[in-house]
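See structure below.
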Amino acid sequence: MAFEADDILNALDEEQREAAQSLLGPTVILAGAGTGKTRTITHRIAYGILRGDYPENRVMALTYTNRAAGELRARLRGLGVDSVNAKTFHAAALSQLQYFWREFFGIEAPRVMDSKSRAIGTAAEELKIRLDANSIRDIAAEIEWRKYSMLSLEEYQDELSTRPVIQGLSPIRSFEIQQAYEDAKVKAKQIDWEDVLLLCTGMLRAEPRALAHLHQQYRFFTVDEYQDISRLQQELLDTWLGDRSDLCVVGDPNQTIYSFTGASASFLENFELRYPGANVFSLTSNYRSTPEVISLANRVRGNQKSHPLQAVRPRGCDPLVLEFSDREQECDFVANKIKDLLSSGVKASQIAVLYRINAQSEHIENALSKAGVEYQVRGGQRYFSRPEIMSAVRMVRAEAANPTGKSLYETVSAIARSLGWQSIAPEVSGRALEEWEALNSFVKIADDLGEEATIKNFANELEERQRSQHEPTRESITLSTMHAAKGLEYQAVFIIGAVEGYIPISYAKTDSQISEEQRLFYVAITRAKDELFITWANKDGSDDRARTRSRFLDLI
């Protein structure tokens with residue numbers, strides 16, 4: 001179907017239309033949860049192209065996860081726009097790094113390491129330090145925070161006293177592990193994903209010809225989820241922009257929940273100071289949730305300077321806040337209520353259980369298993385650690401190193417068949433069916449990349465999915481941390497463990513940390529479309545430790 005420019009605008013509401021018509025110069029769109037931000041920015045890009053203001057191949061749309069980038073590309077294709085470069089910051093930087101590294105140095109760019117966790121574990125062992133999985137994850141998070149904050153090891157050392165203490169490690173030992181990790185990377189001629197951004201920024205600034213090439217290639221930039229940008233990503237964006245100002249950013253200060261990774265909402269909040277005279281728009285009409293859910297979300301909303309959400313949908317049922325004597329009773333209720341929802345016709349993929357930390361999933365997993373309800377834990381580790389997927393990924397990397405010239409689908413489907421996949425679902429159950437579903441999802445990822453994609457594109461896609469914990473979805477209940485659920489929506493949402501120590505988390509002490517926890521609770525609430533259940537228990541498991549309901553429930 002061919003679109004005219006006016007067709008693009010007619011599909012938007014008044015707030016969205018005004019934002020979409022701001023095509024040139026700096027533009028900031030403050031978009032509340034469920035207000036159609038992705039719809040607005042994709043229609044804005046398509047409108048600019050159809051009007052002739054944007055050459056299609058000079059537009060770059062940036063976001064933070066492969067899932068979000070894929071959604072941007074799919075929406076743009078649906079509007080007849082096929083050539084816009086819609087990528088994550090990491091994918092765009094890696095593509096440029098690999099291209100210009102060959103161009104200027106005559107060799108391949110350093111390889112992105114498969115696993116930061118494995119490298120941290122090895123570095124610790126060399127220092128004769130034993131780390132458990134949680135400590136390795138915490139050190140990985142510190143490495144990412146340091147690099148996203150653009151701190152050298154020496155500068156980071158000066159900040160040690162202000163950083164969270166990793167259980168069982170003195171700050172100086174944590175620093176020594178990071179130092180050993182960096183040394184091992186250099187020795188192995190490998191880089192991590194944060195290095196991709198650092199090296200790309202440094203290379204473009206050091207090589208005027210490369211920067212001139214980029215400036216000629218890309219002129220019009222759109223950044224989604226701008227409240228999540230870090231100092232490092234902003235530096236790279238500034239490098240891509242140069243002295244131009246055709247930049248549109250969209251974000252929601254109420255959904256700033258990643259400061260622990262180095263993200264800073266200050267770039268969104270101070271956009272008008274950086275770009276005086278910028279065009280500013282607010283999207284407030286929520287199309288996702290019932291008025292009852294929106295009313296509750298507005299009461300929890302952390303940033304009272306922003307506009308409250310306005311519900312568009314008709315009235316529904318009231319959210320429920322439920323108290324239980326202990327956690328077992330709480331999880332049994334959730335499992336049985338989910339069975340009732342499934343029996344009433346709600347799809348399993350439209351139901352989610354959200355919690356603050358991964359350790360809380362064990363109890364709800366046990367309750368769901370006891371009730372005979374299938375579930376999946378959101379987060380790529382579970383999918384990409386499956387033996388058949390690990391084998392498939394290794395075979396893809398080997399094929400990418402020596403491509404045969406066959407189409408991507410032919411290559412990937414042949415790999416999957418060698419591991420037992422077939423195109424028709426087998427009449428089996430249990431583990432055999434799970435293996436088939438995993439391999440079938442693997443083939444579908446390749447198929448979704450399109451006919452022009454190569455095996456190298458697919459290998460990069462897999463690396464990015466592993467990095468961003470983007471796993472394929474299944475028709476089952478979703479269990480997820482609140483952070484991992486951001487950007488998603490479900491017909492029915494259960495927020496469990498709404499007690500002090502989890503919501504807010506125990507180590508949140510300062511006003512800014514408590515405010516971020518409040519915003520995280522807001523994000524969890526606004527995932528619900530129709531039904532919302534918030535639960536808490538007086539006792540926390542077998543140790544009979546008493547719990548106090550979350551202070552945020554007082555806002556409700």
Side-chain angles (χ1 to χ4, degrees), residues 54-66 69-70 72-73 76 81-114 147 185-186 188-223 232-244 246-247 396-405 407-408 411 446 449-468:
Y54 302 160
E56 190 169 331
N57 63 347
R58 297 199 68 193
V59 178
M60 180 182 282
L62 295 157
T63 189
Y64 300 91
T65 68
N66 257 354
L72 286 175
R73 289 192 295 268
L76 288 167
V81 175
D82 297 319
S83 302
V84 167
N85 195 358
K87 290 184 174 181
T88 65
F89 274 90
H90 286 90
L94 180 62
S95 175
Q96 293 170 23
L97 188 68
Q98 291 173 333
Y99 176 82
F100 288 115
W101 204 274
R102 286 192 299 268
E103 184 81 6
F104 290 106
F105 305 118
I107 56 174
E108 295 296 314
R111 190 172 70 83
V112 180
M113 62 169 53
D114 297 335
K147 292 187 176 183
K185 268 199 304 97
V186 172
K189 297 181 179 178
Q190 292 184 337
I191 56 177
D192 59 29
W193 278 104
E194 294 71 51
D195 292 331
V196 170
L197 303 181
L198 285 163
L199 284 173
C200 184
T201 304
M203 179 191 65
L204 291 175
R205 291 181 175 181
E207 292 289 348
R209 289 174 298 163
L211 190 57
H213 180 102
L214 257 296
H215 285 173
Q216 180 64 31
Q217 176 69 57
Y218 298 112
R219 172 64 189 264
F220 306 97
F221 292 83
T222 299
V223 183
L232 173 55
Q233 289 157 332
Q234 183 65 53
E235 288 285 331
L236 180 55
L237 177 62
D238 288 342
T239 304
W240 283 335
L241 274 166
D243 59 1
R244 289 89 54 85
D246 287 315
L247 169 66
V396 165
R397 287 177 180 150
E399 186 69 30
N402 295 286
T404 59
S407 73
L408 176 60
T411 304
L449 286 180
E451 295 179 3
E452 300 301 317
T454 66
I455 191 68
K456 287 189 176 182
N457 297 146
F458 184 56
N460 289 339
E461 174 80 5
L462 294 176
E463 284 191 17
E464 175 72 7
R465 281 176 175 249
Q466 287 178 280
R467 184 198 65 79
S468 61

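For Gln190, the side chain to side chain contact (heavy atoms under 4.5 Å, CB included) test picks out Arg111, Met113, Ala188, with sequence neighbours left out. Residues passing the salt bridge (charged side-chain N to carboxylate O under 4.0 Å, His left out) test with Arg397, sequence neighbours excluded: Asp114.
Leu198 contributes atom CG, which lies 8.5 Å from atom CG of Asp192 (distance to the nearest 0.5 angstrom). With rounding to the nearest 0.5 angstrom, the NE2 atom of His90 is 7.0 Å from the CH2 atom of Trp193. Note that CD of Glu103 is 10.5 Å distant from CE of Met203, once rounded to the nearest 0.5 Å. Considering CD of Gln96 and CG of Leu236, their distance stands at 7.0 Å, rounded to 0.5 Å. The CG atom of Leu97 lies 10.0 Å from the OG1 atom of Thr201; values are rounded to the nearest 0.5 Å. The line from CD of Gln233 to OG1 of Thr88 is 9.5 Å long, rounded to the nearest 0.5 Å.
For the pair Glu108 (side chain) and Trp101 (backbone), a donor-acceptor distance under 3.5 Å is absent. Side-chain atoms of Arg244 come within 3.5 Å of backbone N or O of His215 as a donor-acceptor pair. Glu56 contributes a side-chain N or O that, together with a main-chain N or O of Asp82, makes up a donor-acceptor pair within less than 3.5 Å. With hydrogens and angles ignored, the 3.5 Å screen pairs no side-chain donor or acceptor of Arg73 with any backbone N or O of Lys87.
In terms of heavy atoms, His213 sits closest to Tyr99 at CE1-OH, 4.4 Å. Considering all non-hydrogen atoms of both residues, Ala459 and Ala400 come closest at CB-CB, 4.1 Å. Smallest separation of non-hydrogen atoms from Ala109 and Gln98: CB-CA, 4.1 Å. For the pair Leu237 and Val223, the tightest heavy-atom approach, listed with the atom from each and the gap, is CD2-CG2, 3.9 Å. Contact record, Thr63 with Ala69: CG2-N, 3.4 Å, taken as the closest heavy-atom pair.
Between Trp240 and Phe89, the ring planes lie parallel to each other; the angle is under 30°, not in the 30° to 60° tilted range.
Other residues, nucleotides and ligands contribute more than 12 heavy atoms inside 6.0 Å of the NZ atom of Lys185.
Residues Val196 and Val112 are in side-chain contact: their nearest non-hydrogen atoms beyond the backbone lie under 4.5 Å apart. Side-chain atoms of Asp246 and Tyr54, non-hydrogen and from C-beta on, never get closer than 4.5 Å to each other. Taking 4.5 Å as the limit, some side-chain heavy atom of Phe220 sits within range of a side-chain heavy atom of Pro55.
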Checking Phe458 against Thr411 for the side chain to side chain contact (heavy atoms under 4.5 Å, CB included) test, could you report, in this order, the C-alpha distance in whole Å, the side-chain angles of both residues, the deciding distance, and whether it holds? CA-CA 11 Å; Phe458 184 56; Thr411 304; over 6 Å; no

Is there a side chain to side chain donor-acceptor pair (under 3.5 Å) between Asp238 and Gln234? Walk through the geometry before answering. CA-CA 6 Å; Asp238 288 342; Gln234 183 65 53; 2.9 Å; yes

Quick one, Arg205 with Glu235, criterion salt bridge (charged side-chain N to carboxylate O under 4.0 Å, His left out). Give me CA distance, side-chain angles, the key distance, then yes/no. CA-CA 11 Å; Arg205 291 181 175 181; Glu235 288 285 331; 2.8 Å; yes

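Of the candidates Ile191, Asn460, Leu199, Leu197, Asn460 is the only one forming a side chain to side chain contact (heavy atoms under 4.5 Å, CB included) with Leu94.
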